[in-house]
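Encoded as structure tokens, the structure appears first; notes follow it.
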Amino acid sequence: APVYCHNLKLYAIESNSLNEAVLIPFQLRLGAGEEVFLDISPDALHKILKKGSYYRWVLIPVSENPVQIQSGENFLWE
């Protein structure tokens, strides 16, 4: 996997409050070629996210380039 994929931060941003970004803990797992997987504990999500709220994922490589990747759609946390 490319070097920029080794140091990532994952956030969930509540759609009702664009200023509230919640840092999501995960384990990085490298796949074949350039595949990268983020393993997220469901228990951690239940502790962090608010039930009944809509969120959008934001993935940010920690580098000098301010780049971020956002999920295309919001998801409802139940």
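Below, all heavy atoms of this structure are taken into account, side chains as well, without hydrogens, waters or symmetry copies. For the single chain, residues carry numbers from 1 onward in sequence order.
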Check your understanding: Who passes side-chain contact (heavy atoms from CB on, under 4.5 Å) against K50, sequence neighbours left out?
Key -> E14, E20, S53, Y55
Exercise for review: Taking the side chain as every heavy atom from C-beta outward, state whether L38 and L28 have any atom pair closer than 4.5 Å.
Suggested key: yes
Point to revise | N74 to S15 - nearest heavy-atom pair and separation | key: ND2-CB, 3.5 Å
Check your understanding: Under 4.5 Å between side-chain heavy atoms, hopping through other hydrophobics if needed: is there a path connecting I69 to W57?
Key -> yes
Revision key, fill the gap. Taken in chain and number order and not counting sequence neighbours, the residues that satisfy side-chain contact (heavy atoms from CB on, under 4.5 Å) with E78 are L76
Exercise for review: Give, for atom CG of L59 and atom CD1 of I24, the distance between the pair rounded to the nearest 0.5 Å.
Suggested key: 11.5 Å
Could you list the donor-acceptor pairs under 3.5 angstrom formed by side chains in residues 41-49, with sequence neighbours left out?
unit_1	atom_1	unit_2	atom_2	d
S41	OG	D43	N	3.3
S41	OG	A44	N	3.3

Exercise for review: Treating Ile, Leu, Val, Met, Phe, Trp and Tyr as nodes and any side-chain heavy-atom pair under 4.5 angstrom as an edge, say whether Y54 and V58 lie in one connected cluster.
Suggested key: no
**Study point:** Remaining members of hydrophobic cluster (4.5 Å side-chain criterion), F37
**Key:** none
**Study point:** Enclosure of F26 CZ (heavy-atom neighbours >12, cutoff 6.0 Å)
**Key:** yes
Study note, to complete from the structure: salt bridge (charged side-chain N to carboxylate O under 4.0 Å, His left out) pairs touching residues 52-63, sequence neighbours excluded, are none
